[in-house]
Amino acid sequence: MLVCHTDDAGPLFTPRLLLAVEVLSASTRVTDVVHKRSLYEGFAVPSYWLLDPDREELTVLELEHNHYTCQAVVQAEEYHHVDLPFPLDLSPTELLG
């Protein structure tokens, strides 16, 4: 899933992405965790979340100085508050819901 401002969406615009969420699977794990991470860093996507349905785990990454840093690893029904790309309280169980 990719998130951008509605003003940036549409066929004539190149959206400035605010958030990329990858749902991990065994067949795409390396692509999502390594390759896509590098691409999103290059495009300066401020927030990158990795959602692992097998572990019911969410990893929240934020861009700092052109590289992602881990802000939180949230397990199952734990809640975590994020401010980027917008204020939100979330848990992996609800995201998978």
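Scope of the values below: all heavy atoms of this structure, side chains included, with no hydrogens, waters or symmetry mates.
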Intermediate values then yes/no, side-chain contact (heavy atoms from CB on, under 4.5 Å), Glu57 and Val74: CA-CA 6 Å; Glu57 180 179 272; Val74 187; over 6 Å; no

Give the C-alpha distance, both sets of side-chain angles, the deciding distance and a yes or no for side-chain contact (heavy atoms from CB on, under 4.5 Å) between His35 and Val30. CA-CA 7 Å; His35 301 299; Val30 172; 4.0 Å; yes

Test log, rule side-chain contact (heavy atoms from CB on, under 4.5 Å), inputs Cys70 and Thr59: CA-CA 7 Å; Cys70 183; Thr59 302; 4.0 Å; yes

Evaluate side-chain contact (heavy atoms from CB on, under 4.5 Å) for Leu63 paired with Glu41, printing each intermediate quantity in order. CA-CA 7 Å; Leu63 199 62; Glu41 283 175 336; 4.0 Å; yes

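A distance-only check finds a donor-acceptor pair linking the side chain of Glu78 to the backbone of Gln75 [under 3.5 Å]. Between the Thr93 side chain and the Ala76 main chain, a donor and an acceptor come within less than 3.5 Å of each other.
A heavy-atom distance below 4.5 Å is found between the side chains of His81 and Pro87. Under the 4.5 Å side-chain criterion, counting only non-hydrogen atoms from C-beta, Leu24 is not in contact with Leu51.
Residue Pro46 comes nearest to Leu17 through the heavy atom pair CD-O, 3.2 Å, listed as atom of the first residue, atom of the second, then distance. In this structure, Ser47 and Tyr68 approach most closely via the heavy-atom pair C-CE2, 4.4 Å. Considering all non-hydrogen atoms of both residues, Trp49 and Pro85 come closest at CZ2-CD, 4.4 Å.
Under the 4.5 Å side-chain contact rule for hydrophobic residues, Val23 and Leu58 share a cluster. At a threshold of 4.5 Å between side-chain heavy atoms, the hydrophobic network of Ile, Leu, Val, Met, Phe, Trp and Tyr places Leu19 and Leu88 in one connected group. Both Val60 and Val21 sit in one connected hydrophobic cluster of ILVMFWY residues. Membership requires side-chain heavy atoms under 4.5 Å apart, directly or through other members. Val73 and Leu61 end up in different hydrophobic clusters when Ile, Leu, Val, Met, Phe, Trp and Tyr side chains are linked at under 4.5 Å. Under a hydrophobic-cluster definition in which Ile, Leu, Val, Met, Phe, Trp and Tyr are linked whenever side-chain heavy atoms come within less than 4.5 Å, directly or via other members, Leu95 and Leu84 are assigned to different clusters.
Between the side chains of Glu22 and Tyr48, no donor-acceptor pair is found at a separation under 3.5 Å. Side chains of Thr31 and Thr28: a donor-acceptor N/O pair is absent below 3.5 angstrom, by distance only.
Atom CG of Asp83 is surrounded by more than 12 heavy atoms from other residues, nucleotides or ligands within 6.0 Å. Counting heavy atoms of neighbouring residues, nucleotides and ligands inside a 6.0 Å radius, atom CD of Glu77 does not exceed 12 of them.
Salt-bridge annotation for Asp32 and Arg37: absent, with no side-chain N of the basic residue lying under 4.0 Å from a carboxylate O of the acidic one.
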